[in-house]
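Right, one structure below, let's go through it.
Throughout, a chain's letter reflects where its sequence line sits, starting with A, and its residues are numbered from 1.
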Protein chains: 2
Amino acid sequence: MSGRSSKIAKHASEMTDEKIAQVAARLRILGEPMRLKILRAICQEEKNVQEIVQEVGAGQANVSKHLALMLESGIVERRKEGLNCYYRLEDENVFEICQLAVKSVERTLSGRLRRLRVKARA
Amino acid sequence: MSGRSSKIAKHASEMTDEKIAQVAARLRILGEPMRLKILRAICQEEKNVQEIVQEVGAGQANVSKHLALMLESGIVERRKEGLNCYYRLEDENVFEICQLAVKSVERTLSGRLRRLRVKARA
DNA sequence: CGTTTTAATAACCATTTGGTTATTTAATAA
DNA sequence: TTATTAAATAACCAAATGGTTATTAAAACG
């Protein structure tokens, strides 16, 4: 058994159905364009709801609902100041996950291109 | 501007709405318990549909639909041999994404515990 | 006090999605 | 050929989800 495959085997075996459900829930939260836009807006500096609403181009209620979900799940943090509520990205893992997802998408796209070329050659 | 924040700023600015939609689509595919179970089943060695069906405890049509989706998106690869179709995990990034998601979930859970203790103290 | 502003929440709707059943396609075997 | 088996697909349904509108809660201000 090689190093990599044994590592994968170990991690995979540790993935109980319960853990899988939790991981899926976390990834499903990130699998939504509007939520990613919100995270993009607040990943550098905290912003209040109105600023976020303006930046992502969505309704206030909609943004608040997405923020409530991400706050509940611990992805973002909230700081109240007078009438305003400032949100910031709290979980840095989220940022890394998105970077890996970008790599994954790019990998798929390049793979598609390669296959098209092979097909065209045949 | 510190090293980390500038790095984040750079990556965030490269995240166009188009790219965000692609990343969200990729993460949404992974944000589903049954699909993660299927990936767990085939991440070490390729398996045919029947083996996967038995392992994850779902209907054949359901598993086939999930596999078709992940094949189309380049996450898994297929090899036909006679009547059987063998599937394997093709995108290693997916595995890393899941590992990070586990870390993210664990981080949240420990954070919740800490808050509960703080609340109980008050 | 009442007014205004910000954000959260409730109610509702249209769409999407995961699962099931039934059918079809394709390869193998008799 | 016909029968059998594996996998894909179509059709359908119930549940979940994202977005909108309207309302509520709370803090700041006149």
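Each of A/Gly59 and B/Asn62 lies near DNA chain D, and the nucleotide nearest B/Asn62 is the one positioned closer to the 5' end.
End-to-end axis angle of the helix from C/dC1-D/dG30 to C/dA30-D/dT1, using five pairs per end and rounding to 10°, comes to 0°.
Side-chain atoms of B/Ser104 do not come within 3.5 Å of backbone N or O of A/Asn93 as any donor-acceptor pair.
Dashed line: the shortest gap from a side-chain N or O of A/Arg78 to OP1 or OP2 of C/dA7 is not under 4.0 Å. Checking the phosphate oxygens (OP1, OP2) of C/dT6, no side-chain nitrogen or oxygen of A/Tyr87 falls inside 4.0 Å. For A/Asn48, no side-chain nitrogen or oxygen approaches OP1 or OP2 of C/dT6 to under 4.0 Å. Residue A/His66 places no side-chain N or O under 4.0 Å from the OP1 or OP2 atom of D/dT17.
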Legend entry - Letter per nucleotide, 5' to 3', of nucleotides 25-30 of chain D [B base touched, S only sugar-phosphate touched, - untouched; heavy atoms, 4.0 Å]: -BBS--
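Contacts of residues 23-42 of chain A with DNA chain C (heavy atom under 4.0 Å): none.
Taking 3.5 Å as the limit, the base of C/dA8 and the side chain of A/Gln60 contain a donor-acceptor pair of atoms between them.
With salt bridges taken as basic N to acidic carboxylate O contacts below 4.0 Å, one links B/Glu55 and B/Lys47.
Residue contacts for B/Tyr86: at a heavy-atom cut-off of 4.0 Å it reaches no nucleic acid atom on any strand shown. Within the 4.0 angstrom heavy-atom criterion, no nucleotide atom of any strand lies near A/Lys80.
The nearest pair of heavy atoms linking B/Val23 to A/Ala101 is CG1-CB, 3.6 Å. Closest of all the heavy-atom pairs between B/Leu39 and B/Leu30 is CD1-CD2, 3.9 Å.
For the pair B/Asn84 CG and D/dA8 P, the computed distance is 10 Å after rounding to whole Å.
Comparing atom distances between the B/Ala68 side chain and each of D/dG19, D/dT9, C/dA7 picks out D/dT9 as nearest.
With rounding to the nearest 0.5 Å, the separation of CZ in B/Arg78 from CD in B/Glu46 is 13.0 Å.
Of the options B/Lys65, B/Gln60, B/His66, a side-chain hydrogen bond (donor to acceptor under 3.5 Å, both in side chains) to B/Asn62 is made by B/His66 and by none of the others.
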